[in-house]
Each structure stands twice: as C-alpha cells, then as structure tokens.
Amino acid sequence: MARQKKCRICKQEGFIHLRYANLPLCKKHFISRTESVVQSTINKFRMFSKKDRLLVAVSGGKDSLALWHIIEKLGFKADGLHIDLELGEFSKLSREISEQFSKTHRFYLNVISVKEELGGYIDDFVKIAYEKPCSLCGTVKRYILNKFAYENGYDVLLTGHNLDDETARLLGNLLIWDKDYVYRQYPVLPAEAKMVKKVKPLVFISRNELLAYCDAEHIEYVKITCPHSTGARSLVMVDILDQLENRYPATKLRFLKGFFKIRNLFESEREVNLYECHECGMTTTSEKLCRFCRIKNRIKDKNAAKNF
Ligand code: SF4
Ligand code: ZN
Ligand code: ZN
C-alpha cells in the first residue's frame with residue numbers, strides 16, 4: 001500500500017492508499033474508516049450489544065490490541081484475557097506488552113499461565129506426543145479462553161482474526177474439502193452448552209491495515225514471532241493469497257465475502273453430539289474426555305514416570 005499525496009475525503013496529506021478500494025486516505029480518515037468497518041461488521045453479524053459482557057483474547061500482537069482499542073473507542077466495555085504460553089522470550093514480551101497496554105488504557109486484563117492450567121509446558125508435550133506445536137497450542141488456547149469466559153459469566157469472546165488469517169484458513173480448508181470445517185468458518189459461532197459465543201470483528205480488515213492502524217494510533221505490539229511460527233502451512237496460504245492480491249487487488253475480500261454468501265451450501269445434515277467431559281465437565285464432542293484433559297493426563301503420566 002503505497003502512500004498517496006491527497007486524501008480522497010479531505011484532500012489533506014495522504015497516509016495510506018487502500019489498493020483494494022483504490023482509496024487514498026489521510027491518517028484521520030483511515031482511522032475512522034477502519035473503525036466504521038469494524039462497527040458495521042459487528043452490526044451485520046449481530047455480534048454483540050452494549051448490554052453484553054465482552055472478553056477479548058489478548059495475545060499482545062497487533063490484531064488483538066487493535067481490536068481491544070477499537071472496541072473501546074466504539075463505546076463498548078471489554079475485559080481482556082492473556083494466556084502466557086511460556087514459549088521463551090516471545091511469551092515474556094507478549095505478556096509484558098499486554099500488561100503495559102491494559103495499564104496505559106486502564107482496561108482490565110486477566111492473565112493465565114498455560115503451565116499452571118496444563119501442568120506442563122507446550123514444548124514438553126510436543127516432544128512426547130510428536131504433535132504439531134500449533135495444533136496443540138490452538139487446542140489449549142481455545143479451551144482456556146472458553147472455560148475462563150464461561151466460568152466468569154462473559155457473554156461473548158472476541159478474537160482478533162483478520163482478513164488474511166480467515167482467507168488463508170478458508171483456502172486451506174477448501175483444498176481438502178472438509179465440509180464441516182468450511183461451514184464452521186464464520187465470524188460468529190453461537191453459544192451452545194458450555195461453549196460461549198465467539199466472534200471475529202476484524203474479519204474484513206487486512207494485516208496491512210492493522211499494521212497501519214497500530215502505527216496511526218501509537219499502539220505498541222509484539223514484533224518478534226513465536227519460535228513455532230515458521231513452516232506453518234497457513235503461512236504458505238497467506239503467501240499465495242498475497243501474490244494474488246498484489247496482482248488482483250480485492251481478491252481476499254471478494255473470496256471471503258463471496259464464501260459467506262454461499263456458506264449454507266456446506267451445512268451438514270450430520271448431527272454433532274455434545275457431551276460433558278468426565279474430568280473437567282466442559283463441553284466436548286468425545287464421549288469421555290475432552291482433548292485438553294487427554295493432553296493434561298499425558299503430561300501427568302510423563303511427570304509421574306520421571307519421578308518413579
Ligand atoms: Fe501457538 Fe503456533 Fe501461534 Fe506459536 S505460532 S503461538 S505455537 S499457534
Ligand atoms: Zn482525510
Ligand atoms: Zn476435560
């Protein structure tokens with residue numbers, strides 16, 4: 001997104017050129033446009049209202065901090081939850097930045113340590129289970145976020161997934177034609193049993209717009225990446241979509257918006273049975289233990305074997 005000289009609206013100095021809309025904007029109009037896109041996404045998908053208790057998943061990255069900032073600017077009140085993944089320097093910095101952000105903005109942030117919840121480190125489990133770190137980390141994060149929101153009476157859990165995340169995931173799911181995964185990819189997942197409602201208000205905002213928004217609003221975020229982020233399949237999808245977007249601006253938005261229009265075609269007749277986990281009582285699709293408790297038990301067994 002190259003800088004343009006004049007803002008289309010006020011003719012002042014340009015801050016950004018949104019190629020997908022062929023729209024040069026000054027800082028002020030870029031900020032207000034970004035916030036109004038988020039507001040209209042919230043309205044369109046009936047994500048939440050001012051009566052709801054909101055919880056933002058705060059990683060310390062640009063997306064979650066921008067989301068929290070925007071939500072509050074739009075007049076909503078939201079608490080944050082940061083999960084300390086204990087993945088070395090990356091996690092240390094992520095926690096520090098999240099705490100600093102909440103302090104300066106006077107927002108309320110909860111912090112949960114993954115080691116305390118799981119009884120071990122993600123990296124330990126990766127070694128014993130030969131699992132991909134991101135799949136394991138994803139399960140652990142989703143579980144902790146949902147459980148915390150449910151047990152503390154929050155109505156809606158907000159995550160900072162952006163246009164690039166969502167289009168990369170959609171492309172990945174379509175390449176394997178997994179009907180259920182494709183269908184579940186939506187900016188709103190309703191509450192069900194002990195699963196709280198989940199929403200993604202940034203689905204129509206790109207990574208580059210979020211970077212520019214953080215710059216314009218002076219939001220400090222974590223700039224180093226997780227040691228496990230290299231080699232992830234989703235990064236390949238992001239790269240492919242970036243190439244398409246460079247060549248054909250607005251590809252990502254059209255891809256995602258077009259999918260939402262025909263998403264019902266992917267609805268499955270298969271009923272999904274929900275159970276309560278025998279150990280933690282949270283909602284799960286397996287008859288005995290949820291995946292989180294299975295992971296926790298394997299870590300427990302490993303630790304017991306070590307002390308034997
Ligand atoms: Fe977790 Fe993978 Fe993200 Fe690292 S890159 S924080 S392991 S999901
Ligand atoms: Zn302007
Ligand atoms: Zn469980």
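Computation of the quantities below employed the complete heavy-atom set of this structure, encompassing side-chain atoms and omitting hydrogens, waters and symmetry-equivalent molecules. Whatever order the structure lists ligands and atoms in, that order sets their numbers, starting from 1.
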Please determine if D155 and K197 form a salt bridge, counting it only when a charged side-chain N lies under 4.0 Å from a carboxylate O.
-> no

Inspect the contact between K296 and E279 and indicate whether a charged nitrogen and a carboxylate oxygen are less than 4.0 angstrom apart.
-> no

Donor + acceptor pair across side chains of E72, H105 (<3.5 Å) = no

Say whether E209 and T34, considering side chains only, have a donor N or O and an acceptor N or O under 3.5 Å apart.
-> no

Work out the angle at the Zn ion (ligand 3) between SG of C293 and SG of C290, rounded to 10°.
-> 110°

Shortest protein contact, [atom] (heavy atom only):
atom                    : result
atom 2 (Fe) of ligand 1 : C134 SG, 2.3 Å
atom 3 (Fe) of ligand 1 : K141 NZ, 4.0 Å
atom 6 (S) of ligand 1  : L85 CD1, 3.7 Å
atom 1 (Fe) of ligand 1 : C137 SG, 2.4 Å

Counting backbone and side chain alike, does C226 bring an N/O/S atom below 2.8 Å of atom 4 (Fe) of ligand 1?
-> yes

Mark up the atoms of ligand 1 that fall under 4.0 Å of a heavy atom belonging to H228, in ascending order.
-> 7 (S)

Where does T225 meet ligand 1, judged by heavy-atom distances below 4.0 Å: at the side chain, the backbone, both, or neither?
-> neither

Among K92, K115, R95, salt bridge (charged side-chain N to carboxylate O under 4.0 Å, His left out) partner for D84 = R95

What is the minimum heavy-atom distance between I97 and E220, and which atoms define it?
-> CG2-O, 3.5 Å

